[in-house]
Amino acid sequence: MTAGRVTVNGVVVTELGSKVDPCIDEVAVDGKVVRLSDGPITIMLHKPAGVITTMKAQSDKPIVADLVPTDEYPGLYPIGRLDADTTGLLLFSTDGELGNALLHPSRHVSKTYLARVKKPLSDEAARKLREGPELDDGPTQPAEVVFADEGRKLVRITIHEGRYHQVKRMFEAVGDPVVSLHRESFGPLKLGDLKPGKWRILSDDEVAALTRSGRGEGYGETRQS
Ligand code: URA
């Protein structure tokens with residue numbers, strides 16, 4: 001504000017603590033109108049490959065912050081992360097409580113990925129994935145595993161945790177590394193035909209379903225009571 005980047009109804013306002021009426025006043029930063037939304041918003045992005053999950057650039061590599069409407073919704077932050085080379089569904093919200101709840105290990109929100117693997121997945125490797133392979137930070141919970149092509153190099157896997165590089169480490173642990181990874185769904189939400197690099201705001205019903213998702217106690221239950 002002190003740099004003169006903020007206008008209220010077209011007039012530059014530099015005084016910190018200046019008040020606006022979100023129903024009447026038009027606030028802009030660097031000429032771009034900021035939506036003073038009265039409630040939190042949650043969006044899904046189809047993250048393309050090569051984009052880093054961070055809101056702050058640390059190099060000249062592309063970041064997810066460049067793809068979501070941070071001008072309109074400055075409080076947006078990613079709920080979890082996808083590796084730079086992973087594509088697919090990534091959620092963002094201005095509601096910090098929602099993110100904390102969905103990522104809490106006790107919630108076990110399901111995430112489904114389509115993994116392309118180096119060689120046809122053996123029955124033995126699939127069995128180990130289903131049981132939950134041993135990783136260096138302990139065994140994973142059981143996963144659902146379905147062969148998604150006849151050649152068994154495309155595998156749909158659903159996990160109920162969110163550990164660092166979890167899916168890649170699971171396939172590595174059973175001897176068949178991942179070549180590419182795509183997240184198709186998060187809890188009840190599916191990416192659908194959202195194109196890479198595009199985002200959309202979730203409907204109230206979708207946010208409610210997300211809030212209820214997972215097997216654990218917590219946010220969904222307390223919010224609705
Ligand atoms: N598991 C991974 O290994 N990478 C991702 O990006 C997401 C889940």
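Counting convention: from 1, in listed order, for ligands and their atoms alike. Treat the numbers as computed from the prediction; the structure is a model and nothing was measured.
Atoms of ligand 1 found under 4.0 Å from any heavy atom of T86 (numbered from 1 in listed order, with element): 4 (N), 5 (C), 6 (O). For ligand 1, the atoms lying closer than 4.0 Å to a non-hydrogen atom of Q166 are 1 (N), 2 (C), 3 (O). Of all atoms in ligand 1, listed by their number and element, those nearer than 4.0 Å to a heavy atom of H165 are 1 (N), 2 (C), 3 (O).
For atom 1 (N) of ligand 1, the closest non-hydrogen atom on the protein side is V167 N, 3.1 Å. When only non-hydrogen protein atoms are considered, atom 8 (C) of ligand 1 lies nearest to Y113 OH, 3.4 Å. Atom 4 (N) of ligand 1 has as its closest protein heavy atom D83 OD2, 2.8 Å.
A donor and an acceptor atom, one from each side chain of H108 and Q141, are located under 3.5 Å apart.
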Practice problem: Test side-chain contact (heavy atoms from CB on, under 4.5 Å) on M44 and L202 and set out the steps. | Solution: CA-CA 7 Å; M44 75 161 69; L202 301 187; 3.9 Å; yes

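Heavy atoms of V178 found under 4.0 angstrom from ligand 1: none, in either backbone or side chain. If you look at K168 next to ligand 1, the close heavy atoms, those under 4.0 Å, come from the backbone and the side chain alike.
Under a 4.0 Å N-O distance rule, the pair R200/E206 qualifies as a salt bridge. The pair E172-K168 does not meet the salt-bridge criterion, since no charged nitrogen lies less than 4.0 angstrom from a carboxylate oxygen.
Criterion: ILVMFWY side-chain heavy atoms under 4.5 Å apart, direct or through other members. Under it, L114 and L82 are not part of a common hydrophobic cluster.
Between the side chain of D176 and the main chain of F171, no donor-acceptor pair closer than 3.5 Å is present. A donor-acceptor pair is defined here as one N or O able to donate and one able to accept, closer than 3.5 Å; such a pair exists between the side chain of R152 and the backbone of L121.
Under a 4.0 Å heavy-atom criterion, Y164 is not in contact with ligand 1.
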